[in-house]
There are 6 protein chains.
Amino acid sequence: MSLNPSTLQALNAAVLSDTLDSLGLMQQAMKPFMRPLDDTLQLIGRARTGLYMPVYAAPAPGENPYEVEIELVDDLAPGDVVVLACDGPTERIAPWGELLTTASAARGASGCVTDGLVRDVKQIREMRWPVFCGGIGPLDTKGRARMVERDVPVMCAGVTVRSGDLVFGDVDGVVVIPREVEDEVVRRALEKVSGENQSREALQRGEKLADVFKRLGIL
Amino acid sequence: MSLNPSTLQALNAAVLSDTLDSLGLMQQAMKPFMRPLDDTLQLIGRARTGLYMPVYAAPAPGENPYEVEIELVDDLAPGDVVVLACDGPTERIAPWGELLTTASAARGASGCVTDGLVRDVKQIREMRWPVFCGGIGPLDTKGRARMVERDVPVMCAGVTVRSGDLVFGDVDGVVVIPREVEDEVVRRALEKVSGENQSREALQRGEKLADVFKRLGIL
Amino acid sequence: MSLNPSTLQALNAAVLSDTLDSLGLMQQAMKPFMRPLDDTLQLIGRARTGLYMPVYAAPAPGENPYEVEIELVDDLAPGDVVVLACDGPTERIAPWGELLTTASAARGASGCVTDGLVRDVKQIREMRWPVFCGGIGPLDTKGRARMVERDVPVMCAGVTVRSGDLVFGDVDGVVVIPREVEDEVVRRALEKVSGENQSREALQRGEKLADVFKRLGIL
Amino acid sequence: MSLNPSTLQALNAAVLSDTLDSLGLMQQAMKPFMRPLDDTLQLIGRARTGLYMPVYAAPAPGENPYEVEIELVDDLAPGDVVVLACDGPTERIAPWGELLTTASAARGASGCVTDGLVRDVKQIREMRWPVFCGGIGPLDTKGRARMVERDVPVMCAGVTVRSGDLVFGDVDGVVVIPREVEDEVVRRALEKVSGENQSREALQRGEKLADVFKRLGIL
Amino acid sequence: MSLNPSTLQALNAAVLSDTLDSLGLMQQAMKPFMRPLDDTLQLIGRARTGLYMPVYAAPAPGENPYEVEIELVDDLAPGDVVVLACDGPTERIAPWGELLTTASAARGASGCVTDGLVRDVKQIREMRWPVFCGGIGPLDTKGRARMVERDVPVMCAGVTVRSGDLVFGDVDGVVVIPREVEDEVVRRALEKVSGENQSREALQRGEKLADVFKRLGIL
Amino acid sequence: MSLNPSTLQALNAAVLSDTLDSLGLMQQAMKPFMRPLDDTLQLIGRARTGLYMPVYAAPAPGENPYEVEIELVDDLAPGDVVVLACDGPTERIAPWGELLTTASAARGASGCVTDGLVRDVKQIREMRWPVFCGGIGPLDTKGRARMVERDVPVMCAGVTVRSGDLVFGDVDGVVVIPREVEDEVVRRALEKVSGENQSREALQRGEKLADVFKRLGIL
């Protein structure tokens, strides 16, 4: 994990997705029901996963339904991205909200991605801390779901995520870059960004798309 | 109905949902496909319900397809919230638009909630009158649906609503508070808001979530 | 095709949809999953269609998977609206992005409508060029889909579109006006807009909706 | 309505659908969620429509929630096909069951088609009376839905149906033949059946499909 | 739990659903995606629940992914009905198959209900042991899901089920009768069955439905 | 391709799916919307793929919309399984029917798998030729879809299929075995079948599931 996630700031979800495609990794972009709370924020960091199960009864007296969730948040390191897998899209639960955002931001975590719902949207937006989610709703998880494991492989919005994987999000969506290929992906993606700049300029000058694509091979 | 709806201005959908949960009322938040036209507006008032049926033919000559709808709007009192149940989400009908908004606002009504679509979105946003809906689309109800009853119990986006129930909406969604429990719910919710403020401050200071949750019991 | 599309600038999607309804054409508004990237932009122009098929393998060596797409874009004339039919809504492909937008805008095209996804949303918004789409996502079509025909009749978000049809989009959605009826539709729609203004003013003065509707027959 | 429905006994849903297609009527086959309770029965007759609306409360004391339904069934004539439109597919209501089947069969009606659910399936199958439905479930309509109109145009499983239209069902599905074209459709369909017999025999003899299709033009 | 489940043999899902409706319990019939493997079998017994969570990784070495499942099956008593909640309908997992059926039948259990898939359908049908499921598929749960709790309240196909609740299934679907009301429900349902017999006979004689309903009040 | 498909007759979809799982190939079972027309037939053979695209207009005069389809069927060899990918499930098209079945059976092909609909179900069942499909419906592809490529990789009901892959279907569903692993899969699956027989016998004798699983490791 020697790559510094900040190298990705010059990139975007589309170019990362294309680069992963070029390596035959075509399932790395989360489904489009995943949207950012704030379109202007870029999310970059390494995944810390949490896995939820549905429950249909109030917690037993004395039971702490948030136990694993609290452990995960208190264990976050700077640059971590919380990835909460709820078998979404879901109408039933909002596993993320203002207080967890506050606690995570205080530990330097980079953001949160969940295929569940999110609540306290107004306050989270004011913090300008990136959250990508499967929808918005006020429903607490208590009595509806419970995080049962953390730092295990999960499926979130169609993508397999393991703790330590690079996670990148922007207005175009969320892309996950497996650790094994991250150096290769980032190197290639930086090259592609530069090629796209040349294409854009040629097209702005009014060149035919057919000619530009023939010369630069980028669309 | 002695409670003044304005008491709810200090509250939010999440805390109201948690409070209803604590009373065992876990089906009071509308499904997340319901979204505000304007994220910044708070909706507070008492429900006035309308129930639609699908139709598949133009109205007969001389028939007024908007008859019940017009009766409902002309009967609105200050603080009323129009709740239109279309068995949504739907792709077929937009029962609400600019002219109904203008007429309702002129009577002092607080807003509109519908699991159908809404049209004339630009003009409604300019009026800054809160509307929560199941989507946006230009399709008039004429020849597609008809309000057949008003002030009857309806199901809207998964929640049973009766005329007179308290309706609360903000960016996190729409919550319905049955009349029977409204005093209890509002009292408890105001207490919870104050507890959340303490949690937030502790977390901002960098306290462990585990410690804060142990001490305050709020997440 | 003598009608100048700019005549439609005083209109909106709702009034056009009502007018088409009044002629018995009730399937001309695209489904509500179609949303503008920019709520403030109006889209007006004549359709140029492209039809996609799904593919499940990388293009053969030497094959240009964008061939028909490039032909379509290079053939655009001022005022054309690109209409891309992907059998959406889809989670799999984003047939439109920044470079195609740049090339199309350079040729004077008016905008793009697709039931597929769109990427490079930030850059497209900065260009203030109207795009209506079935969602947002970073996934290139290469290895996932291919435009196989252009300027053929397509179904896009529930509406049949032929090259040359008038396309109108605003915040309320996208409406397609078949060539055969465009003169009649535009004429009637302009009349209806003027009637709505009278209704609005009467309602703002506090008149009963029943009275206004009786007098003007517009809702 | 001079055509005798019994003429259709030699036909099948596929050939009728093809024939309607050949006249440009491509929306006449109900969606595939509509299935027969008994795969071996053919349904032929003229539609008698009923239109349901959702309700969310028990009927008022003294109110008969089945009033229009009873009127429709008591008014059935021999050869009528009950067509119940519930805006299906639905999980909520089973508008058809054993007692309505018994009453309808006693009047000589030919069968029932509904995009709602059906109950009492065992008894209906024993009667060998054809029912095509959107699913099976035990839920009575009382307190959930109500037939509000009869003999009005309805949409059932994607097809517009008017009382008097010919309805044909077999294991392949349900097809609706509008009155205006029924003579033409039945004549052409009988011809096509005869052509298919020739194709089948040639193919059974092992002829190439390309040759058979070239010669007979039927697939 | 003094009521003997065998008392229910004279009943059916429709009459039980109506009876529960009459007590205001309108959410007791499972959704119609739940179908019996064998239409001719009646399922009667008391629920024993199991609750699954999704997993996305192979079990750790030495871990038994079936542990709770095995405990539940080995603990079954005669007359128990296994109720497996998988947050269905699902495409991902078949928690029930031939070996579990064999083991359960050997302990005298009455049947199985799951909103997941079932496999080994041929062998289960040959045993004539009633299974109601959300679909059919070959996919083992190992590496896809895990039963994490048993004998806890679950939601299965839209109905809350607690261990000990009466479960009734036939070709019309599955109905759950909460323990608190079972005596009342069974008593009323037996009365209703007798009334339906009278209605049926009158209708078979050709009486008007309106007259029969007026006299007997049953439809 | 030395393995003789008839070796698979002693196997079933569940044991093949488990064996593929054990090799880490967890996406080889088609989704459960795929069902056999005849529950009692086993399908075994090698895939011959066809890929469809949607179309929305009648074929041009002189154009043969079935051209590629006819080529595929006329090129079938004994033991081939036709696999038609329509991006299903779909409500729009039935690419398979009686005449294609007759032609394919005459060439010795083993069966057909399609995520589209199938028509002429009665006649196909009478031929006892195995067809697995995404539903039943009468709608011809002409004017709705067109096979554009054959013997290319396709995705059918969630599984990637290449011409030459082994395809196995029975009442539990359809499983695809990639050529590279077919020898290994079949060998392991035959072993597992034998282990399951031992488990079954022990459970029938009333042994505890926990003991049987401990001893044989099979569930």
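FYI, side chains are in, hydrogens and waters are out, and symmetry mates aren't considered; it's all heavy atoms of this structure. Naming: A, B, ... by sequence-line order, numbering from 1 per chain.
A donor-acceptor contact shorter than 3.5 Å is absent between the side chain of F/Asp21 and the backbone of E/Asp140.
Only the side chain of E/Glu98 comes within less than 4.5 Å of a heavy atom in chain F; its backbone stays farther off. For chain E, no part of F/Gln28 is nearby; none of its heavy atoms comes within less than 4.5 Å. F/Asp39 touches chain E through its side chain: at least one heavy atom from C-beta onward sits under 4.5 Å away, while N, CA, C and O do not. Residue F/Val174: no heavy atom, backbone or side chain, is found under 4.5 Å from chain E. At a 4.5 Å heavy-atom cutoff, F/Met34 makes no contact with chain E through either its backbone or its side chain. Proximity to chain E is absent for every atom of F/Leu16, based on heavy atoms less than 4.5 angstrom apart. When heavy atoms are compared at a cutoff of 4.5 Å, F/Arg205 does not approach chain E at all.
Heavy atoms from other residues, nucleotides or ligands lying under 6.0 Å from NZ of E/Lys192 number more than 12. Counting heavy-atom neighbours within 6.0 Å of E/Gln27 CD, excluding the residue itself, gives a total of 12 or less.
The salt bridge (charged side-chain N to carboxylate O under 4.0 Å, His left out) pairs that include a residue from residues 83-93 of chain F are D/Lys31-F/Glu91, where partners are two or more places apart or lie in different chains.
Closest non-hydrogen pair, F/Ala210 versus E/Asp74, comes out as N-OD2, 2.8 Å. When all heavy atoms of F/Glu207 and E/Arg107 are compared, the closest pair comes out as O-NH2, 3.0 Å. The minimum heavy-atom distance between F/Val171 and E/Ile136, with the atom names listed, is O-CG2, 3.3 Å. Taking each heavy atom of E/Pro138 and F/Ser17 in turn, the nearest pair found is O-OG, 3.6 Å.
To the nearest 0.5 Å, atom NZ of residue E/Lys142 and atom CG of residue F/Asp18 are 7.0 Å apart. Separating the CE atom in F/Met26 from the CG atom in E/Leu139 is a distance of 8.0 Å, to the nearest 0.5 Å.
Contacts with chain F (heavy atom to heavy atom, under 4.5 Å) involve these residues of residues 113-128 of chain E, listed by number: E/Leu117, E/Arg119, E/Asp120, E/Val121, E/Lys122, E/Arg125.
With a 4.5 Å cut-off on side-chain heavy atoms, E/Asn64 and F/Phe213 count as touching.
A side chain to side chain contact (heavy atoms under 4.5 Å, CB included) with E/Leu99 is found for exactly one of F/Val212, F/Leu203, F/Leu216, namely F/Leu203.
Top candidate by heavy-atom pairs under 4.5 Å with chain E, chosen from F/Gly217, F/Ala202, F/Gly206, F/Pro32, is F/Pro32. Of the residues considered (E/Ala103, E/Ala106, E/Gly134), E/Ala103 shows the highest number of contacts with chain F, using heavy-atom pairs under 4.5 Å.
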